[in-house]
Amino acid sequence: MISPFLQKARNYEETYEKHIKKEERPEFHLSPRVGWMNDPNGFSFYNGQYHLFYQYYPYDSHWGSMHWGHAVSPDLLHWTYLPTALAPDEAYDKDGCFSGSAVTLPDGRHLLMYTGVAKETQEDGTVRDVQRQCIATGDGINYEKYEGNPVLTESHLPSGSSRYDFRDPKLWQGDDGAFYAVIGNRPADGSGQILLFKSSDGFDWKFQQILCQNRGRYGKMWECPDFFELDGKQLLLVSPQDMLPQGFEYHNGNGTVCIIGSYDKEKQQFVEERNQAIDCGIDFYAPQTLLTPDGRRIMVGWMQNWDTCLPSTVQTPWFGQMTLPRELSVKNGRLFQNPVRELETMRRNEVRYRDITFTDILQLSGISGRKIDMELDLRPVDENQVYQKFAVRFAQDASHRTAVSFRPHESILKIDRKFSGSRRAVIHQRRSLVRHQNGRIRLRLILDRYSAELFVNDGEQVLSVSIQTDQRAEGISFFCDGLVSMDIVKYDLG
Ligand code: FRU
């Protein structure tokens, strides 16, 4: 049964998507069919296709009562929209179908678990959102909410835990065949904790453990957890609200943290070893991962951030986009991220230069564009006189540019979109400490109309930013204070 709320959203998106031209969206990054998008949800491989759902308000390009938008892809790059999957149409989710995830049931159905939000008037007259976990099952297009919803409520929470901050379940099936979920929650200390739940059938859920406690270390409430094994380590990804900066990391207010450790499955104990920011740019939040049929752990994040997305003045028919899906690995105890290898099939028109030595400003024939994959290999010409600063400027015309600059003597890489066409005084720059050998560094820049993602040293760090620059600004130029030598290979994507 399709509810009137869901039908309304489906009709609306079908009518209004026609007003958005293909060239007015990213080419291979998923954007909302119409209206607003935030977190990736239900990222999964089901019935031979990748499914990516998203937090969705179809009716305007700002956040509103949350639906789940839906798209499918054979290769994580070419997305086809499907009708809205969930609408807030039940008493227990009337104020929003918040973030969640998906697994396949033994009988072949796709199971979604999401956070149902319902406003409740308190004894003192204030109104608060109560958050509970709900389930819907379906065939990859239509989903039916479970009659036993909500399946996880305040009655399942350990004592002192908040019923107002209990959200964003991430599901997986264990080697034992049972289903597990990690869910974000706020304990009595006001910061965050991640709770572990278990179910033998996907419907009947029991609390297991407090898997990890923030204790005020990384921001406050932890949103959108993910928990998986990778390269012999166990990773917990969380998106903390209200973070304080630590050195050059965690400058985003709403940040993301990867905690790397080990996990004793029997005892359900996670032992933390180290932590790092997941993305060092400006626009990144709420990542979620899946395991591909060939065993790769792929992550996609929301390529926006609550701290910078709110005051957009540009009236766009869509707002928000996902990052490029990234292949994850752990090397020397650190998380590495690289664009999914499928991207290589989209490469066209190779332009290659070797050993270009230059100082001051350089432009190269064939090096331009707004949908590109470009690799730069930098080294000093004289090892005893390393250049002071290197920069690559892109999405450039007479009045616009976004720049990545690198100062080897300080080991600082900076991304700066101040002149990208934004009329808002939100943060436009981010600096990051990077590794290099005497000015030798590798950069890979992916542009897709409204974004830039910079992969440093084969995925050791990533910096993501969204830009609103007019598409006619497609120039690329290089700058060096000192003498640098570089190899370049650049492809158009599409
Ligand atoms: C994170 C988040 C989630 C919540 C959703 C609501 O960006 O706040 O915690 O489920 O967005 O749209």
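Because the structure is predicted, anything quoted here is derived from the model rather than measured.
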Inset, instruction - For Arg163 and Asp165, run salt bridge (Lys or Arg N to Asp or Glu O under 4.0 Å): C-alpha distance rounded to whole Å, both residues' side-chain angles, the deciding distance at 0.1 Å, then the answer. - result: CA-CA 6 Å; Arg163 58 201 283 263; Asp165 287 296; over 6 Å; no
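- Side chains of Gln55 and Phe98 form a contact here, defined as non-hydrogen atoms less than 4.5 Å apart.
- Note that Lys198 lies outside the cation-pi zone of Tyr180, set by a 6.0 Å cut-off to the ring centre and a 45° limit from the axis.
- Residues in residues 429-457 take part in these ring pair (Phe, Tyr, Trp, His ring centres under 6.0 Å) pairs, two or more places apart or across chains: Trp318-Tyr450, Phe406-His436.
- Classification of Arg379 and Asp377 as a salt-bridged pair fails, no side-chain N sitting under 4.0 Å from a carboxylate O.
- Between Asp129 and Lys119 a salt bridge is recorded (basic side-chain N to carboxylate O distance below 4.0 Å).
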Inset, instruction - Assess whether salt bridge (Lys or Arg N to Asp or Glu O under 4.0 Å) is satisfied between Asp373 and Lys371, documenting all intermediate values. - result: CA-CA 7 Å; Asp373 182 350; Lys371 288 181 293 157; over 6 Å; no
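- Between Lys265 and Asp176, none of the side-chain N atoms (NZ, or NE/NH1/NH2) sits under 4.0 Å from a carboxylate O, so this pair counts as no salt bridge.
- The salt bridge (charged side-chain N to carboxylate O under 4.0 Å, His left out) analysis of residues 276-289, with sequence neighbours excluded, yields the pairs Asp279-Arg326, Asp283-Arg417.
- The pair Arg348-Asp492 does not meet the salt-bridge criterion, since no charged nitrogen lies less than 4.0 angstrom from a carboxylate oxygen.
- At a threshold of 4.5 Å between non-hydrogen side-chain atoms, the residues Gln213 and Asp189 do not count as touching.
- Between Glu460 and the options Arg444, Arg442, Arg435, a salt bridge (Lys or Arg N to Asp or Glu O under 4.0 Å) holds for only Arg435.
- Within the 4.5 Å cutoff, side-chain heavy atoms of Tyr114 are placed close to those of Cys134.
- Taking CD of Glu327 as the start and CZ of Arg297 as the end, the distance is 12.5 Å to the nearest 0.5 Å.
- Relative orientation of the Phe227 and Trp172 rings is tilted, given thresholds of 30° and 60° on the angle between their planes.
- For residues 232-255, every residue pair satisfying the salt bridge (charged side-chain N to carboxylate O under 4.0 Å, His left out) rule, not counting sequence neighbours, is listed here: Lys233-Glu273.
- Using cut-offs of 30° and 60° for the angle between ring planes, the Phe53 and Trp68 rings count as tilted.
- Using a 30° and 60° split on the angle between ring planes, His51 and Tyr46 fall in the perpendicular class, above 60°.
- Ring planes of Tyr54 and Tyr56: perpendicular class, angle over 60° (limits at 30 and 60°).
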